[in-house]
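A short write-up of the structure that comes next.
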Amino acid sequence: MKSILKENFPHFTFKSQILERTDPKTNKKKIYRDVIRYDDKITDYTIVAKITMPTGADMRFFLSDQDCGAISALEFFTQKDSVASFY
């Protein structure tokens, strides 16, 4: 999975609880860090990515360090009104 992401999305790098994006035009880096606090609040970033396979079919990825981010993305993308607003 990591090699697929590096090949298709080279402007992202991943480390434990850190997502880094380098803007392809400006080369500026933005770092997103997961935050888990003692008051049960969690900030978790999720990448939603789409890759077109050689067969022409689309494959979508929901990538997150924590399960809560992937679950939230999956819930969002399985509701028709959310998907419509996204596109």
Side-chain angles (χ1 to χ4, degrees):
M1 180 81 94
K2 201 172 198 177
S3 61
I4 291 171
L5 290 171
K6 281 185 177 183
E7 182 180 319
N8 290 281
F9 304 100
H11 51 288
F12 285 101
T13 56
F14 312 91
K15 298 175 188 163
S16 181
Q17 297 184 312
I18 297 173
L19 167 66
E20 187 176 288
R21 179 183 182 274
T22 303
D23 187 294
K25 293 180 182 177
T26 65
N27 214 31
K28 289 185 180 180
K29 291 183 180 184
K30 173 87 176 173
I31 296 174
Y32 301 90
R33 297 180 189 272
D34 292 350
V35 178
I36 302 172
R37 300 189 328 214
Y38 293 107
D39 59 0
D40 292 332
K41 296 195 184 242
I42 299 171
T43 301
D44 183 31
Y45 295 96
T46 301
I47 294 176
V48 178
K50 180 178 86 168
I51 297 173
T52 302
M53 305 304 290
T55 61
D58 288 337
M59 181 182 290
R60 286 170 178 76
F61 295 90
F62 301 96
L63 306 163
S64 178
D65 240 11
Q66 310 288 329
D67 60 347
C68 61
I71 290 168
S72 294
L74 187 59
E75 287 175 356
F76 181 86
F77 281 94
T78 54
Q79 297 176 18
K80 286 183 181 181
D81 57 338
S82 297
V83 173
S85 70
F86 180 79
Y87 285 102

Measuring from [X]:[atom1] to [Y]:[atom2], what's the distance to the nearest 0.5 Å?
X   : Y   : atom1 : atom2 : value
D34 : I18 : CG    : CD1   : 9.0 Å
H11 : K6  : NE2   : NZ    : 14.5 Å
T13 : E20 : OG1   : CD    : 4.0 Å

| query | With hydrophobic residues grouped by side-chain heavy-atom distances under 4.5 Å, do L19 and V35 end up in a single group? | reply |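 Different clusters.
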| field | Single-linkage hydrophobic cluster M53~L63, side-chain heavy atoms < 4.5 angstrom | value |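 The answer is yes; both residues are in one hydrophobic cluster.
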| Single hit among I51, I47, V48 for side chain to side chain contact (heavy atoms under 4.5 Å, CB included) with F61 |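 In the set I51, I47, V48, the residue that makes a side chain to side chain contact (heavy atoms under 4.5 Å, CB included) with F61 is I51.
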| field | Minimum-distance pair of heavy atoms, taken over all atoms of A73 and T46 | value |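 Heavy atoms of A73 and T46 come nearest at CB-CG2, 3.9 Å.
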| said: List the residues meeting side chain to side chain donor-acceptor pair (under 3.5 Å) with T52, not counting sequence neighbours, and say none if there are none. | reply: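 So T52 forms a side chain to side chain donor-acceptor pair (under 3.5 Å) with D58.
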| Pairs meeting criterion ring pair (Phe, Tyr, Trp, His ring centres under 6.0 Å) with involvement of residues 64-83, two or more places apart |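 For residues 64-83: F62-F77, F77-F86.
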| field | S72 side chain to G69 backbone, donor-acceptor under 3.5 Å | value |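 Flag not set: sc S72 to bb G69 has no pair under 3.5 Å.
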| query | With under 30° as parallel and over 60° as perpendicular, where do the rings of F14 and F12 fit, or are they tilted in between? | reply |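 The rings of F14 and F12 lie parallel, inter-plane angle below 30°.
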